[in-house]
Undergrad: 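Quick one: the structure is below, questions incoming.
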Amino acid sequence: MTKTNLEFKTEVKELLDLMIHSLYSHKEIFLRELISNASDAIDRARYESLTNSGIMENDAGWKIKITADKDAGTLTVSDNGIGMTKEEVIQSLGTIAHSGTREFLAALQSKEVKDNPELIGQFGVGFYSSFMIADKVTVITRKAGVESKNGIRWESVADGTFTIEDVEKEKKGTDVVLHLKQDEKKYLDEWEIRDVIRKYSDYIEHPVVMDIEREKESDLKKGEKVKVREEETLNAGKALWLRDKSSIPENEYNEFYKHVSHDFTDPAKVIHFKAEGTSEFNALLYIPSVMPFNIYYKDYKIGPALYVKRVQIMDHCEQLIPLYLRFVKGVVDSSDLPLNVSREMLQHNRQVEIINKNITKKVFDTLAEMKKNEYEKYLTFFKEFGRVLKEGIHYDFSRKEAIADLLLFQSTQKPADTYTTLLEYIAGMKEGQEDIYYITGTSRDEVMKSPYLEAFNDKGYEVLVMLEEVDDIIMSNLHEYKGKKIKSAIKGDIKLEKTDEKSEEAKKKFSVLIELIKNQLKDEVKDVRLSGRLKDTACCLVADEEGMAPEVEKLLRQMGQTVPESKRILEINPSHPLFEAMNKLFEKDQKSVALEEYIKLLYNQALLLEGSKPKDPAAFASAITRLMVKDAERST
Ligand code: ADP
């Protein structure tokens, strides 16, 4: 085949542009990324060789080799791993395989990427980082198990295109050849390479080797020195999770995290343990400190890597953790599972269930401990991942209370950005208060001004402020905590006062007016009643206790679900002078046109207050204008 010229996908072009023009610090991480890819390629080959020994090609031992050629100005990273076919090369080294990439890149460009290189790292764009130090990159690769003539040569100078050509490659695996930029030649220096590898790749399980020239005593002539080149291993090379905790410095834990997670930032927490008994396994898990940009996308890879007796079986095993802990990264190495375990076999495997249970408990314990002893760190974690963790209340009935223990809330009685817990809430409940209250909405400012809070504020009751769309569903699912019912301030009938003579009297007094409103709005609302939650505002709309909050309805509709029109209840405030006046108007003229208009206005106002649009905005506006004219005429 002759050389073919192909274009990079747009997002790769944009990414390369960012890499080359915005990133100046930590350029040496390119080596970590290439070694990490080489190690993954070996893991895959090792796994496949379990069922297909042919792909070994009689190659003795897995390794990653670094070659520095000072004359040619090239640094080469070679592996004898799985290699790539032509289609795989075009796919892997021409596109970025994450949905949401375009949006993310656009967001990145508006931020200061220069100061936050870790943002880019969330992509797992490892290979492309080569272009920070090389002006040309050549990849020569051949898939393990195919004939040597089926090699592929890929090359690019990062000008928006790359070339592909068939070549002969004797050994399986991949060579990445970096033609270093003039001012990046230091990466050809042995000590520089050693340094970078020790810093970033020491944990890599496979040997990373380099030919080193040494002076040696000659075997032939005593006393004479000769120069010899010998292969030397540059990394420690033992699986980190099998090592003794006390022997592992923090930076090694952190570098390994970056290898498994493709994240550039250090993790928030390391969980390293060995389980013995009904199930034997080693786990090295991490709680990240920043949210992966694609955690809500379908192609987000869930679960730690699964190893069986030190052989990687899959890089993400979702059966190992519950979905709502999908931010947890790392490695689980089991001694009990068979090496030929398949995805299907993992579905209802008892060992896997035990591991899952065990890991979940460890993560919960770690989070609880963080919350107790490292509150600031926990708060940062919660702001990033609280929303994901909360999903567990919906999906994991058995751990509802344990998850609720971990939740943090803003509240009406605390300054913005100060958080409380359900336990603290209960401890602070006022005399006579029986339930836990929360209010949902889209911003704190809006919620704090909500008329739905009037009676709560009046009595000094704390109300939890919840601003995420899922919150109403989560809190309805939680239902109660430590024997206390959890109620929404915007749903159901709220009775903060005991029924007394005054309220009975009001009921009687407004019963006819209420009937009239009910009649007129019978197509719009389910019921009209006196409110226990209003103090100053005239009226509001509420859903049944079992009904959906307006933002949940909106969310479901956005997700394309058909949500049946659910009628709300109109609550009116008996202590508002408006109703006194309307009562009088009614006594004077039962068929009053003004009264009919007021009722329409009332309903539309209530719609506005819950964040919805008035039924007929034009009619609403002209009704208000009419009132304004009347009022203006009266006062002139
Ligand atoms: P990531 O490693 O996060 O997927 P990269 O850009 O580093 O992102 O690599 C893209 C893909 O290219 C890898 O997923 C892998 O399929 C392929 N690849 C890269 N390097 C190698 C290699 N040395 N051997 C085999 N495949 C490789």
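As the structure is a computational prediction, the values presented were derived from the model and not from experiment. Starting from 1, each residue takes its place in the sequence as its number. Order of appearance sets the numbers: ligands from 1, and atoms from 1 within every ligand.
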Undergrad: In a table with atom names and distances, give each donor-acceptor pair under 3.5 Å that connects a side chain of residues 34-41 to protein atoms at least two apart or in another chain.
TA:
from  : atom 1 : to     : atom 2 : distance (Å)
Ser36 : OG     : His259 : ND1    : 2.6

Undergrad: Measure Asp79 to ligand 1 on non-hydrogen atoms and call it side chain, backbone, both or neither using the 4.0 Å cut-off.
TA: side chain
Undergrad: Does ligand 1 have any atom that is closer than 4.0 Å to a heavy atom of His262?
TA: yes
Undergrad: Start with the C-alpha distance between Asp17 and Lys13, add both sets of side-chain angles, then the distance that settles salt bridge (Lys or Arg N to Asp or Glu O under 4.0 Å), and finish with yes or no.
TA: CA-CA 6 Å; Asp17 208 52; Lys13 286 186 202 164; over 6 Å; no
Undergrad: Does an N or O from Gly83, backbone or side chain, lie closer than 3.5 Å to an N or O of ligand 1?
TA: no
Undergrad: Verify whether the ring centers belonging to Phe381 and Tyr378 lie closer than 6.0 Å.
TA: yes
Undergrad: Any chance the rings of Tyr47 and Tyr307 have centres within less than 6.0 Å?
TA: no
Undergrad: Check Met84 against ligand 1 and report side chain, backbone, both or neither, counting heavy atoms closer than 4.0 Å.
TA: side chain
Undergrad: For Arg194, what residues pass the side-chain hydrogen bond (donor to acceptor under 3.5 Å, both in side chains) criterion, not counting sequence neighbours?
TA: Glu190, Glu232
Undergrad: Heavy-atom contacts with Ser92 under 4.0 Å: which atoms of ligand 1 show up? List them by number with element.
TA: 10 (C), 11 (C), 12 (O), 16 (O), 17 (C)
Undergrad: What about Asp40: any of its N or O atoms under 3.5 Å from an N or O on ligand 1?
TA: no
